[in-house]
Asker: 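Okay, here's the structure, questions in a sec.
Chain letters run A, B, ... following the sequence lines, proteins first and then strands; every chain starts at 1.
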Protein chains: 2
Amino acid sequence: MPAPRKKAAVPAVSVPPSRPDRLDTRVLEALVGYNARRAWLTVSTVFAERMAVYGLKQVDFSVLSLLAHNPGATSRQLCATLDILPPNLVSLISAMDSRGLIERRPHPYDGRAIGLYLTPAGESLVHEAERTVVELEAEASAKLTARERETLIRLLQKIYH
Amino acid sequence: MPAPRKKAAVPAVSVPPSRPDRLDTRVLEALVGYNARRAWLTVSTVFAERMAVYGLKQVDFSVLSLLAHNPGATSRQLCATLDILPPNLVSLISAMDSRGLIERRPHPYDGRAIGLYLTPAGESLVHEAERTVVELEAEASAKLTARERETLIRLLQKIYH
DNA sequence: TATTGTTATACTCTATAACTATA
DNA sequence: TATAGTTATAGAGTATAACAATA
């Protein structure tokens, strides 16, 4: 807390007379959900700008990065891991296939499944993209020390793990 | 970090043979953006369930809570504070007006602006909703100590402030 | 000329139902 | 019967352009 100002007996007065552009957000800012969303929004804005160069959206990057470290993963696995629904992954995968970033190979022993693999072009792109993401993350969390950043990530994971 | 396992020389082997439902997400989980989004998603799911009782979405709650502590705030101020675009607030405000939760009064000295105020019904609803949100937040962050929760919020704010 | 609130509209994201082919 | 991938489609969320009234 920046200054335990005794709650200032919240003025029963209306806002208009002074009308500062800053509203009292103390209640919302006491919520994990609100703060997590705002922080994500900030980071994701920078993310979107930097990734536009590669023609990648956030979910595209997630998929490519997962495939880089999990070659042969299936759509179903990607959906389960990233918490997205199968129908919404189809066009995404199909587009990256058309771009020559990934390729689909029939699964060795399950005729229904399709293994997804990065092409050399995909490998190369994801390698550059991952480097940019690391840079961008460092900028976005520039106000945090390395130790604070680790703590932040650890605590966030405690929420959703 | 749970165990600095020397990166295990990431198996160049494909996934299919074993095919565990858990993919290697270490790269993504090292990113603030990814973790903030996942954590928010978790909290917001619980939030949506609990707030459905009151017929409120997250943004509705934010607006009502802001009006509770900033009576007479204008649409423009709500938009600036919550980072939403004016056209997208219109139907939202209008719906809450129809529900009798808020009322619009002409601004005392700016004929363009409209001051927004909670009705008694709105006050009552937001009071109950805020109590439920506090409960829900406690549940969602049950794996954190009170001190960790404070730290988490403080660090998230450092990202977006 | 700039700002508040508004309409209309488009685009993206997310969700549901139903189909096919394999298991 | 259940699962992987797919199609079509609906709904929610977010974005831009343009306008009237007021400053």
Side-chain angles (χ1 to χ4, degrees), chain A residues 15-16 19-21 23 37-38 40-42 44-45 47-49 51-52 55-63 67 72-98 102-117, chain B residues 15-16 19-21 23 37-38 40-42 44-45 47-49 51-52 55-63 72-98 102-116:
Chain A
V15 171
R19 198 139 77 99
D21 254 21
L23 297 181
R37 181 174 175 278
R38 294 302 296 249
W40 169 72
L41 214 71
T42 298
S44 79
T45 299
F47 193 105
E49 287 166 3
M51 284 297 124
L56 297 179
K57 306 194 179 192
Q58 312 193 36
V59 65
D60 298 321
F61 171 79
S62 295
V63 166
L67 290 181
T74 66
S75 285
R76 201 219 144 273
Q77 288 178 310
L78 293 175
C79 283
T81 304
L82 295 175
D83 212 355
I84 55 186
L85 296 166
N88 299 329
L89 188 65
V90 176
S91 62
L92 206 151
I93 292 292
S94 157
M96 293 200 286
D97 191 356
S98 301
I102 66 174
E103 59 178 23
R104 326 187 203 197
R105 301 183 205 156
H107 193 279
Y109 62 82
D110 185 338
R112 298 169 301 182
I114 298 170
L116 301 171
Y117 298 82
Chain B
V15 171
R19 200 140 76 99
D21 255 21
L23 296 181
R37 181 174 175 278
R38 295 302 296 248
W40 170 73
L41 214 72
T42 298
S44 77
T45 299
F47 193 105
E49 288 167 1
M51 284 297 122
L56 297 180
K57 305 191 181 196
Q58 310 194 36
V59 66
D60 298 321
F61 172 79
S62 295
V63 167
T74 67
S75 285
R76 201 220 144 273
Q77 288 176 309
L78 293 175
C79 284
T81 303
L82 295 175
D83 211 356
I84 56 186
L85 296 167
N88 299 328
L89 188 66
V90 176
S91 62
L92 206 152
I93 292 291
S94 158
M96 293 199 287
D97 191 355
S98 302
I102 65 174
E103 58 178 22
R104 326 187 203 198
R105 302 183 205 156
H107 194 278
Y109 60 83
D110 186 338
R112 298 169 301 181
I114 299 170
L116 301 171

Asker: Expressed as a whole number of angstroms, how long is the span from B:I93:CD1 to C:dG5:C1'?
Answerer: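 It works out to 11 Å between those atoms.
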Asker: Identify the two heavy atoms, one from A:G55 and one from A:D60, that lie closest to each other, and give their separation to 0.1 Å.
Answerer: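 For A:G55 and A:D60, the tightest heavy-atom pair comes out as O-OD2, 4.3 Å.
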Asker: Start with the C-alpha gap between B:D97 and B:L116, add the side-chain angles, then the distance that decides, and say whether side chain to side chain contact (heavy atoms under 4.5 Å, CB included) holds.
Answerer: CA-CA 10 Å; B:D97 191 355; B:L116 301 171; over 6 Å; no
Asker: Categorize B:I114 for me: base, sugar-phosphate, or nothing, with a 4.0 angstrom heavy-atom threshold over every strand shown.
Answerer: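 Since only primed, P, OP1 and OP2 atoms lie under 4.0 Å of B:I114, the category is sugar-phosphate.
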Asker: Any side-chain N or O of B:R112 under 4.0 Å from OP1/OP2 of D:dA23?
Answerer: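 For B:R112, the contact criterion (side-chain N or O under 4.0 Å from OP1 or OP2 of D:dA23) is not met.
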Asker: Please write out each protein N/O paired with an N/O of nucleotides 7-13 of chain D under 3.5 Å, distance rounded to 0.1 Å.
Answerer:
residue	atom	partner	partner atom	Å
D:dG13	OP2	B:K57	NZ	3.4

Asker: Can you measure A:I102 atom CD1 to D:dG5 atom C1' for me and round it to whole angstrom units?
Answerer: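 So the two atoms are 13 Å apart, to the nearest Å.
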Asker: Rounded to whole angstroms, how far apart are CZ on A:R105 and C1' on D:dA4?
Answerer: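 Interatomic distance, CZ of A:R105 to C1' of D:dA4: 19 Å.
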Asker: In terms of the angle between their ring planes, are B:F47 and B:F61 parallel, tilted or perpendicular, with boundaries placed at 30° and 60°?
Answerer: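 Taking B:F61 first and then B:F47, their aromatic rings stand perpendicular (interplane angle over 60°).
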Asker: Starting at the 5' end of DNA chain D, which residue's closest nucleotide do you reach first, B:D83 or B:G111?
Answerer: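 Its nucleotide being nearer the 5' end, the pick is B:D83.
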Asker: Rounded to whole angstrom units, what separation is found between the OH atom of A:Y109 and the P atom of D:dA4?
Answerer: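 Result: 12 Å.
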Asker: Should the pair A:R105 and A:Y117 be classed as cation-pi, given the thresholds of under 6.0 Å to the six-membered ring centre and 45° from the axis?
Answerer: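 The answer is yes, since A:R105 meets both limits relative to A:Y117.
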Asker: Whole-Å distance between D:dT14 C1' and A:W40 CH2?
Answerer: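 So the two atoms are 11 Å apart, to the nearest Å.
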Asker: Output yes when at least one side-chain N/O atom of B:R76 is less than 4.0 Å from OP1 or OP2 of C:dA2, else no.
Answerer: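 Checking C:dA2 against B:R76, no side-chain N or O comes under 4.0 Å of OP1 or OP2.
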Asker: If you define the side chain from C-beta out and look only at heavy atoms, does anything of A:S44 sit under 4.5 Å from A:Q58?
Answerer: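 Yes, their side chains come closer than 4.5 Å.
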Asker: Given B:R37 and A:S62, is the side chain to side chain contact (heavy atoms under 4.5 Å, CB included) satisfied, shown in steps?
Answerer: CA-CA 12 Å; B:R37 181 174 175 278; A:S62 295; over 6 Å; no
